[in-house]
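Report on one structure; see the data block that follows.
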Amino acid sequence: MATDAVRGGGEPPYDERALVDLIPTVRRVVGARIKDPHTLEDLVQETLARLMSSSSRIDPDKLSHYASVTARHVVASYAERNDRARSRSHLLAEPPDAETPDADTPTAGVLRQEEQEFVAAALAHLSAADRDLLLAHEVDGDDTRTMADQLGSTPGAVAARLNRARAGLRVEYLLAAEGVEPPTDRCRPVLRSLSTGDRRRQRELDVDAHLLECRTCGHLAEELFERRGQRTDEGVLRVPVSRDADVVLARQKGREVAAAAGFSASDQTAIATAISEISRNIVKFAERGDVTMSVLSEDGRTGISVIARDVGPGIVDVDRAMQDGFSTYRGLGLGLPGAKRLMDRFHLSSTPGAGTRVTMEKWLP
């Protein structure tokens, strides 16, 4: 099932531009009381959600005043929740972390033994040529020029082979440490392409689709990178989404891409709000998913593209899901219709039992 919508095809229940123009006012009211930038953005978006759901009942001349009052109420509710959480924090207190074992303790010996076993298992999965190459360089101390002379190659070619061998070793070490056996023949090539950072190979393997389909690789891919939000192709940013922290990251990255494209602060917030709501749907309803963002250029115009995909139950009744006020959880309240109205183009396709894909675009005037 799919639905495609371009803004302007029907009258929204309020003046959308007027609501977007209120963003600086809302940010000023919230920012006067909240200093943490991430919390500030969360509360600005919560305020916008409340305005969006009730603005059709408000006199346009009083909308600015109503926005300020709503923002103050949102901040007050946040402070109340924080106070309540602090008063109960002692119930969740954890004991101090155990001291790191000394190098000569039995525990340290066990850890060293495990480490050696993981490395041995990882080396065993490499080809004999890659294993010999790594051992010659890392253990024997041979430099790339010496190794190139022995192999009848060049130092650059040897360095490239070493990089690929190290990437394979990282993958195999991670598999051994996690105690995981890849469920498909495609898993190892996908993980190695991620470990090497080989963009061309990642495109050939359709890595993004595989990470959505394979829970094992989806988890291991996160472990391969210390930071999330990796660029997958030139100009394309991908954020894996499976938890609330990923919603925050997706929103932040969306704002950064929008700013780089030249959008105003108000439009950046509108784009970030739409991304936040779509990402939150992934966390609430799907097993996992991702959001990709990129800058568009077409006929001299500049815009931003946002694509959110997930593996989950899908949407049985797409038309109903696109109705104002429809929600199956207590989120910000924008829902899919709100995200659609904040963007210039919106397309949703969903297959029950398989997952959902949302494509959104917004263009500079």
Side-chain angles (χ1 to χ4, degrees), residues 97-208 210-211 213-234 238-240 242:
D97 292 337
E99 294 183 2
T100 302
D102 295 331
D104 57 354
T105 63
T107 301
V110 171
L111 293 176
R112 284 197 302 271
Q113 178 64 31
E114 285 187 347
E115 181 81 7
Q116 293 169 1
E117 291 174 357
F118 295 156
V119 172
L123 285 170
H125 275 91
L126 298 182
S127 68
D130 283 350
R131 186 166 56 248
D132 292 343
L133 198 71
L134 276 176
L135 292 175
H137 184 66
E138 304 293 344
V139 178
D140 298 338
D142 293 349
D143 59 31
T144 54
R145 183 172 297 279
T146 300
M147 297 168 69
D149 291 341
Q150 294 172 348
L151 296 170
S153 183
T154 65
V158 170
R161 281 187 57 188
L162 279 169
N163 285 336
R164 290 193 295 271
R166 289 194 192 98
L169 185 66
R170 283 195 295 270
V171 170
E172 297 302 335
Y173 178 90
L174 182 59
L175 290 170
E178 295 279 333
V180 172
E181 183 62 31
T184 72
D185 292 338
R186 192 178 170 198
C187 293
R188 273 193 168 86
V190 164
L191 292 172
R192 291 195 180 196
S193 73
L194 289 172
S195 186
T196 59
D198 187 339
R199 315 291 194 202
R200 182 182 61 81
R201 182 62 172 155
Q202 290 172 20
R203 288 194 296 271
E204 289 176 354
L205 294 168
D206 196 5
V207 164
D208 289 346
H210 179 78
L211 294 182
E213 296 166 359
C214 179
R215 180 187 293 274
T216 300
C217 287
H219 167 70
L220 294 174
E222 294 179 13
E223 298 293 328
L224 281 173
F225 299 102
E226 291 183 359
R227 64 185 181 89
R228 299 166 68 83
Q230 298 285 323
R231 290 196 177 275
T232 55
D233 285 315
E234 184 177 356
R238 173 181 179 268
V239 179
S242 61

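Counting from 1, the numbers follow the sequence of the chain as shown.
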Could you tell me the separation between the [atom1] atom of [X] and the [atom2] atom of [Y], rounded to the nearest 0.5 Å?
X    : Y    : atom1 : atom2 : value
D142 : Q150 : CG    : CD    : 5.5 Å
C214 : L191 : SG    : CG    : 8.0 Å
R166 : R170 : CZ    : CZ    : 8.5 Å
D149 : D143 : CG    : CG    : 8.5 Å
M147 : L133 : CE    : CG    : 3.5 Å
L135 : D130 : CG    : CG    : 10.5 Å

Close side-chain approach of [X] and [Y], heavy atoms under 4.5 Å:
X    : Y    : value
H210 : T184 : yes
L211 : P240 : no
L175 : H125 : no
C187 : V190 : no
L220 : E178 : yes

Please report the closest heavy-atom contact between [X] and [Y], naming both atoms and the distance.
X    : Y    : result
P189 : L205 : O-CD1, 3.5 Å
L194 : Q202 : CA-NE2, 3.7 Å
Y173 : A122 : N-CB, 3.4 Å
A167 : S195 : O-OG, 3.0 Å

Short side-chain to backbone donor-acceptor contact, R131 and L126, under 3.5 Å: yes

Heavy atoms from other residues, nucleotides or ligands near CG of D185 exceed 12 (cutoff 6.0 Å): no

Chi angles and distances behind the side chain to side chain contact (heavy atoms under 4.5 Å, CB included) call for R188, E172: CA-CA 9 Å; R188 273 193 168 86; E172 297 302 335; 2.7 Å; yes

CA sep, side-chain torsions, deciding dist, call: V119, Q116, side chain to side chain contact (heavy atoms under 4.5 Å, CB included): CA-CA 5 Å; V119 172; Q116 293 169 1; 5.8 Å; no

